[in-house]
Every structure is written in C-alpha cells, then in structure tokens.
Amino acid sequence: MDSALEIRDLRISFSARGKKLEVVSGVSLTVPKGKIIGVVGESGCGKTVTALSVMRLIPEPPGSIDSGEVIFDDGNLLEYSERDMRAVRGNRISMIFQEPISSLNPVFTVGDQIGEALRTHLKISKREERQRVVELLKLVGIPAPERRMKNYPHEMSGGMSQRVMIAMALACSPEVLIADEPTTALDVTIQAGILELIDDLRVKMGMAVLLITHDLGIVAEVAHKVYVMYAGKVVEDAATKDLFADPKHPYTVGLLHSIPDLRDSKEKLDAIPGVVPSPGDFPPGCRFQDRCPLVIDKCRAEEPPLAEHAPGHLSACWRADDVELKV
Amino acid sequence: MKELLRINGLKKYFPITSGILSRVSNYVKAVDGIDLAIGRGETVGLVGESGCGKTTLGKTIIKLHEPTGGEIIFEERDITNLSTSGMRPVRKRMQIVFQDPYGSLNPRMKVEDIVSEGLVIHGVSSNAERREAVRETMRTVGLREDALARYPHEFSGGQRQRIAIARAIALRPDFIVCDEPISALDVSVQAQIINLFIELQERFGLTYLFISHDLRVVKHISDRVAVMYLGKIIELAASRELYENPLHPYTKILISSVPVADPTRKREAAVLKGDVPSPIDPPGGCAFHPRCPIAVEKCSREEPALRDAGGGHMVACHLV
Amino acid sequence: MSEPKSPGFWGSVWEKFKRDRFALGALVVIVVLFGIAVFQDFLAGSRPIVLKYEGEYYFPVLFQYPEFFQTDFKDLVKELPGGDFAVFPPVRYSPTENDLLSILVPPSSEHYFGTDDRGRDVLSRLIHGARISLSIGFIAVGISAIIGIILGGIAGYYGGKTDFIVSRLFEVMMTFPVFFLILTILAFRDPSIYNIMIVIGVTSWTGVARLIRGEFLRLRKYGYVDAAIALGGNDARVMTKHMLPNALAPVLVDCTFGIAGAILVESALSFLGFGVPPPDPSWGDILSQSQRYVDFAWWLVLFPGAAIFLTVTAFNLVGEGFRNAVDPKFTGDG
C-alpha cells in the first residue's frame, strides 16, 4: 500500500513548572493514499498533539519533539526548515479544527479567507481566484456561493462555518487532510453531512484523511483503519471491521461498552472505572493497568509491546487473546 | 404513576431590544407553548438540536427563567407566579445539573462549601449533622472525603460533574433537571456518570428531565422521550417506541443521523438540508416544513397540533 | 490524593505575583511607606522616644505627661543632670515646628532635606505627609469602591431596566471632568482631609462600577450562579457569595491604580492651594512652596517630587503585577 504520510516512533513532551512531561510516547502510524484513517482516544491521549506535530504547529517551548520522523513525500517533515514547511502547510497537507467559528478570522469575509489560502500557494489572477472560491464553496455544499462568499464568519451557522473551513483546507487540493474532531461542535444532523462531504471529497480528489475523534461511531462509519490511543501510546491498530468485530485491547472494549446503543435501554453501562492518568503519573508497565479488568502482575511490571495478534491486527496487551466483547 | 410535574402551554420569550432607548423590537420564542407531564420516578428525555430551546425549557420549568406564559404545576400546586421567597421551599425539591463542569462550580469555594450550600440556605440540621450529611452525599456520588477541602479546579471534568451532582442531591430533591450533564465529558467518563444517574434514581426515587443532544444517551436513560424543534415538542413517546417507530420526519432524520459503532451496519444517508431557522422569525405553518423531505402545501399554511397517534405516541405532523 | 493542601485562588495569585521582581520590589516600597506612616512619631518629631529625667522613665512620643506640659524638650535636655538621658527620633524636628532663624536652609547635617520658607524641616514634613497621602489614597478609593461595587453590582445582576437607569447614571457621572468637579466642590467647602477623601471618593467610582457591572453580566451566565439560585439562595447571597468574589480581582487591580491616582489628585490639589489645609504636612503642599523659590531651593522640588513619584510608581507597579497575576490567561481559571 502506498502511504501518503507516515509517522514513525514519535515522542513529544511538554515542560511545565520545570518538569518535562511526555505526552506522546513512541507513536507510529501510516496514512495510505486515498484512505481515511481514524485516530480514536479520549482527551489527553495525545491524538491532537500528534496531528499538530505533522503540521509542525506545536509551540516550542513549552513543547518539544524529542524523537521520531514524519515521512511525507520521501522527506522528514520534522527536519524541514520553516520556509519549506510553509510550502507544505495548507498546500499539500491541510488541517481542519474542532471550533469552526473561532478558527475563522472575524474581520474578513469567507471569500477573502479562502482566497488567501489560494494566493499564498498558487500564482493566480484575481478573476481565477474568485472563480476558484465559488467552485470550492459549491464543492462543500454551500448554496448560493456567489452571495455567501461575501459573508462574514458571524453571519454563518456552525455547520456552514465548518464547510468554509473545509473549503479553505481543500483550496490547494492537498494530498493529506488532517481533521481534528471536525464535527464535535456540530449537531448530529449536520455532522452526518460533513462526514459525508469529507468522504466524497476523498473519493473525488484522492486525498488521504487523518480523522481524529473521540467518537467510535464516527470512526465506524467512515474510517478504513483505526488507531486507538491511550495515554500517549497507540494501544490498538486494526482495520475498522476487525476492530469493531473482535477488539483485542481491553481499553477498546471499554470504550465500546461505554456507548449506549440505540437498541438497548435503561440498564447500567459497563463503564471503565477510574480516570485517564495524567502525563507524569503514568504507572510503570502498561498504562491502562489501573482501569483494566484483565490486569495481571505482568502488566504492572512490563510494558506490553504493540504486537500482531491476528493478521494486520495489532494490540499492546499481554492478554490480547483473552479480550472479549460482550454482546 | 403519580404525576409530579405538569406544564401547560409554557412559553418563554426573550425580548430583543434595539436603539438607545432599548425598545423591544422583537422576541426570541425559545419555548413556545409546551405541554408536558412528568410522573414521579420517571425520566423524560428531551432531545433536539442546538437552539431548539431545550435548555431554556429546563431552566424555565424550575423557574430560573420567569415564564412568559402558561403554567407550571409541581405536586398539584401552581408555582408559575411564586415570588423568590415563595419559591424557596419549592427549590428544596427541584434541582439542576449543568453541562459545563467548569462553569458550574464556584472557583472560589471549597468543595465542602459547594455541596453544603443548599443545606445552609435552608437551615437544614446543625453544623455537625450537616458535615455528616455532606460526607454521606460525597460517598453516594463516588467521591472521597478528602476532596472536601479542595477547590474545583483540582478536579477532572468527571469528578467536577460528580461534585455538581452532589450539590444537587444534597437536599434530597424529588426532581432534577439534567441539562446536557455528560456532553462535555470523555466517553469512558460519560458512561460512569450515566450509571451514577441511574443508581441515584433507583436509590432516591428521583424524577429526571434529561436534556441532551445525544440520542443514544437519552434513549438509554429515559422512559419517555420528547423531541423539540424551534421551541415546540413535535414528538413524544415511550423511548423504545420512539426509536423503533418514529413518526415525525424530523425524528426519523435525527435517529438516522446518529453514528453507530458498527461498521457492518451502514445507515442510509438521510442528510437534513439547511440549518435550524431563526427562532425570532420561525417559518409559518409547521416550523419544520422548509427542511422537511415530505412537506406538502398544507404544511406551510397550517400548524399541526401535537396529537395522540395511538398508544400515547404523540406527534405534531399533518402527514402521519 | 496526598498532595499538600491546595492554595486556593489568592494563594496562587500570590505565587504568581512573587515571580514579578519589579512588582515585588514595589510592594516592599509600599510596605516601607506604611511603616513610615504608622511609626511617623518615632522617626520624626521634637519629642524624645525615651526620656530619663530625675531617675524616672518617660515616653513622651506615646503619652502626654502633665509635668512636661508645654515643655520644649530640646531646652530640657540641654541641662539634664548626670545619669539622665533622652533618645530622640532620627529627625529631631516636628513637621509644624517653625524656626525662623533657619529659613530655606539647604540640606545639611542639621536638616537632612533642608527647610522650607518657614524654617520647617522638610524631611519631617515628608515623613508626616506619608500618612496623609496614604490615608487619602486608601479611604478615597475605599469610598469609590463601595459606591462602584453597589451600583455596578445592581446594574449587572438585575439587568434590564435597572441596568438601563444605572448605566445612564455612570455615563452622566463620566461626562464631568472630575478634577474640576473636585475643585468646584472644595471651593464651597472647607478643604479638610476628610472632605478631600470624600470628594475624591464620590467622584471617581465610575471605573469600578463599570468593571463590576461587566463582570456581573458575564458571571450571571455561569452555571454556579444559576445553581445557587436553584438552591434557593436570595439575591444578596448570590451576589455576595458567588458573584462578588469572582468579580473582585479586576476591581482590586483597578483600586491599586486608583490609590496612585488619588494620591496624585491630592498632590495636585495641594499644589493649587485647595488641598490639605496648613499646617498639616502634605507632599503637594511642600511642592507648592517650591514654586516661588524654584530657582535656588532645589530641595523643595526634588524630595517631595521624588516621594510622590516613588509612591505613585510603586502602586502602579503593584497594580500591574497584580493584574498579571489574576489574569485568567495565566491562571487557567474558569
């Protein structure tokens, strides 16, 4: 499989009050061309930081990328100069964020902002720019684009703003789109439309998409392959079908049990006890040990490696073969 | 089931002022004539998209907003026009838990003072008894006693929500409005808090109005579910009935939009066109008709009433 | 959870404040000024701190003794018998003591900061002026803070029509040029210290009122305010226990700047002759004398000017440090 983007053994830390806290501990993931890759995890698992590091948007200090590589187009993005990086950012790799409203500049019209993305990277005339903006707005499903491009962000709803953000991200036909919780701030009816849009555009433009979310439901609907992250590490990595049919990490199972299903009713959920440990408080051995129903002595002593337990299905658990999904 | 609370034709309009003299130019009709009865020990779920007025309804029912019209009957007593002091004994019986676990706890107060505040206001019990009551409440919501001397910012979102729940149940109320209480939490923590709500209901016989935009959660916890659109209830049914047999086209779309954690079950794409219209100037007739996939001419002319479509399944649609 | 006891909001504000060296230095200056104001009689005055006279101990700074009624201690100690002694404050002159033989004397070992046109010791007057300046600053700001908090709080909490009326009152108040308003009022009233405090206080509350109103409008939307109402708390309780503590930090910052402003206003009033009435010492008053002798009596300009500058700067620096320390952007508060 041809990969569009590959992250290898990435380690990122932040220093706070003189202490250095590792928030991403050796994450590797591959985004193949033309596929949607889901990264699932709860807040503090390191998924957003990982995405930001690809764009080289981590503030240094307090952050620092301690080791690892981000391979894009045969080069390591982490070694790019700021100038080279600018040519990649927004042009060949784009990113959309959770809060569409605050990601748009309130003093410019949306047309200006999309045009800006075009002007920065492509040498085109004013007329071509206008034409392209209209096309893009039409592409992301905004009705009456000629009129809408003259609107300011506050004149648009959340769903519309997110579509504008996507249009901006797509302005230069990027090879990779990083979507960080693109629908979390939106209503479900709008969420469905945005996810569909991202998937359509992937097919039309052949983009690779790195979709970061906390919602397993979203992953199940659009992603081809899933990485589950917990406390700065990838704990499970599988094709979407395999992950949901036969999860091999107790954390993944816990997440699946935590979602109330539309089919069952008023009974207690199998919740994961406790809370996610914060960086600096990670226990030795497996980081999930204190919340795990399958924990054994070995988990407290030795950190399980991410190993293959079925073809193409990796899990970082000593008891991966004992993990079972309750039906 | 005995009725605990009933609202009749409840309305809450927010004036929009303009000009230097603050003249009222228009109204946001956040809650626009809602009838609803909630039985003792029952959980009624309230779903709808942002801006549909569900939070306003929750706050108006417990009189955090003064109703513009209609009446609120709590335990067979009309509380609609009670004054602040007249409300005080009623406040002991009805509480609220909010969405934002960060904004809902006073950052300058210790957890002990937060949880005991209701007991202090209502002069319940002596100091020593109050301390014991607070400790008991903390154990009930699954928090350790050493949390009492701390400030809210030292806790995670889930723990803060437990503190907010402790504050709400400290007075042993009968009725709690849960306003998106888990939306801001992580998935694994959401499940813990849902379980806590279920436990508390079993233990204290609580009655909930559970407001959420997440249908999966509302379905899970509720006995009956009401769907709101632009300040009105458009469908109300037992929760299983509503999910298995939705009647209103909006409810159908809402249900089909929920992502399901099962890649083998591809849902048919039912994408709603357009956005929720402004509640300042809602469309005439059925408020949903501009977005409705099956709307007919009548829908833009005449507003459908909420009526029983059989077996207590209420729906407001001309075409059902 | 076995961490140390949590510091609370003000504890963490202090932690952050301490890191700002300028602000901390300025705070030390203010503490020293306070010390000077409190112990002024031990630092400058014509009465001895301790006196042993005919075998008995006396503390003339602290107590009035009938046997020394109208005694000039300086004459008395000239002929003390053996074994008796007197300990004077470092500056042996009272701020009101005229010595017509030494008018406008430049700084010397006798008068460290020189004398003014009535032969009064400038250092002694500066030391005694500190209490007057600080009390005018604090009491005037206290008055304006109380008025501002009450009016701003009512406007922000109740909103609607109440807010409309009270806000118009702010605006009317703000259209007055405050300094000239003060001058006008003082032209009709005795310019006593108390009148000056009250006049500055009742004319400068709009800043605090607007801040509190804004904070209250913001806090009104917070869940914990709704929760307190839902628990049955009355308006007064909700305002004082839940809103005011959370709105206070920016107000206190504003007050710190306000103290500096009030001290400056008092100096300006005294300079113009509307200030603290003679013979009470005031920094502005010393400065006003210098007008006439500015071409040679540099000490009448330099020392009171420096005292005013130092005090105002110190309060402003503390205010600045305080503002950074309570800024939610740095505290992660919310």
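In plain terms, the two heavy atoms of Glu221(A) and Pro259(B) that are nearest each other are OE2-CA, 3.4 Å. Taking each heavy atom of Ile194(B) and Pro260(A) in turn, the nearest pair found is CD1-CG, 4.1 Å. For the pair Ala271(A) and Asn195(B), the tightest heavy-atom approach, listed with the atom from each and the gap, is CB-ND2, 3.7 Å. For Ser258(A) against Ser188(B), the heavy-atom pair with the smallest separation is OG-CA, 3.8 Å.
In this structure, the salt bridge (charged side-chain N to carboxylate O under 4.0 Å, His left out) partners of Arg319(A), at least two apart in sequence or on a different chain, are Asp322(A).
Of the atoms belonging to Ile218(A), heavy atoms from both backbone and side chain fall under 4.5 Å from chain B. Residue Gln192(B) touches chain A through both its backbone and its side chain, counting heavy-atom pairs closer than 4.5 Å. Of the two parts of Ser156(B), only the side chain, counted from C-beta on, holds a non-hydrogen atom closer than 4.5 Å to a non-hydrogen atom of chain A.
By number of non-hydrogen pairs under 4.5 angstrom with chain B, the leading residue of Leu216(A), Thr184(A), Asp215(A) is Asp215(A).
Under the 3.5 Å distance criterion, the side-chain polar atoms of Asp186(B) are left unmatched by any main-chain donor or acceptor of Glu42(A).
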Run the numbers on Asp262(B) and Lys241(A) for salt bridge (Lys or Arg N to Asp or Glu O under 4.0 Å), then give the verdict.
CA-CA 8 Å; Asp262(B) 181 356; Lys241(A) 267 199 194 105; over 6 Å; no

Hey, mind stepping through Ile259(A) and Arg216(B) against side chain to side chain contact (heavy atoms under 4.5 Å, CB included) and telling me if it holds?
CA-CA 8 Å; Ile259(A) 307 173; Arg216(B) 291 175 289 196; 3.7 Å; yes

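Of the inter-residue distances, the one linking Leu255(A) atom CG with Gln190(B) atom CD reads 11.0 Å to the nearest 0.5 angstrom. Here the CD atom belonging to Gln191(A) is positioned 11.0 Å from the CD atom belonging to Glu49(B), to the nearest 0.5 angstrom.
The environment of CD in Glu324(A) is sparse: at most 12 heavy-atom neighbours from other residues, nucleotides or ligands sit within 6.0 Å.
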